[in-house]
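Worksheet: the structure to be examined is printed underneath.
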Amino acid sequence: MMNSGIVLDIMVKPEQRIKDILKVLEENGRIIYRSGRDNLYIRSWRKGNFVNPYLTFKQAEIFSGDILYIDVEEE
């Protein structure tokens, strides 16, 4: 995952929801994102498309080795 120049290499379970992982990373200060106040855009490097953060990694077809770019638009 990449966010504001920060690169994170993490392992997740396929059934975990993307937004839940981002919330944990934000709470631990690993990414810059204020849930509820910022618009979040996630793009898959492998597929080149935007990913719905409410899907699980399996549903979004995010697999090992994929890179997610996290863009945050402040309100």
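Along the sequence shown, residues are numbered consecutively beginning with 1. From a predicted model like this one, the values you see are computed outputs, not experimental measurements.
- By the 6.0 Å contact criterion, NZ on Lys58 is open, its count of non-hydrogen atoms from other residues, nucleotides or ligands being 12 or less.
- The closest donor-acceptor contact from the side chain of Arg43 to the backbone of Asp71 lies at 3.5 Å or more, if one exists at all.
- A search for side-chain hydrogen bond (donor to acceptor under 3.5 Å, both in side chains) contacts involving Gln16 returns nothing, not counting sequence neighbours.
- Under the 4.5 Å side-chain heavy-atom criterion for grouping Ile, Leu, Val, Met, Phe, Trp and Tyr, Leu8 is not connected to Val24 through any hydrophobic cluster.
- Atom OH of Tyr54 has 12 or fewer neighbouring heavy atoms from other residues, nucleotides or ligands inside a 6.0 Å radius.
- Contact check for Thr56 versus Pro14: no side-chain heavy atoms found under the 4.5 Å cut-off.
- The minimum heavy-atom distance linking Val51 with Ala60 is given by the pair CG1-CB, 3.6 Å.
- Here the side chains of Ile42 and Asn52 are not in contact, with every heavy-atom distance at 4.5 Å or above.
- Although no hydrogens or angles enter the test, the distance criterion places no donor-acceptor pair under 3.5 Å between the side chain of Asp66 and the main chain of Ile62.
- Of all heavy-atom pairs between Arg46 and Phe63, the closest is NH2-CD1, 3.4 Å.
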Could you walk me through whether Tyr41 and Ile70 pass side chain to side chain contact (heavy atoms under 4.5 Å, CB included), step by step?
-> CA-CA 6 Å; Tyr41 301 97; Ile70 304 167; over 6 Å; no
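- Between Ile18 and Phe57, some side-chain heavy-atom pair lies under the 4.5 Å cut-off.
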Lys23 and Asp20: side chain to side chain contact (heavy atoms under 4.5 Å, CB included), yes or no, with the steps?
-> CA-CA 5 Å; Lys23 182 178 178 185; Asp20 294 343; 5.6 Å; no
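- Atom OG in Ser44 sits 9.5 Å away from atom OH in Tyr69 (nearest 0.5 Å).
- When hydrophobic clusters are built by joining Ile, Leu, Val, Met, Phe, Trp and Tyr residues whose side-chain heavy atoms come closer than 4.5 Å, directly or via intermediates, Leu25 is grouped together with Val12.
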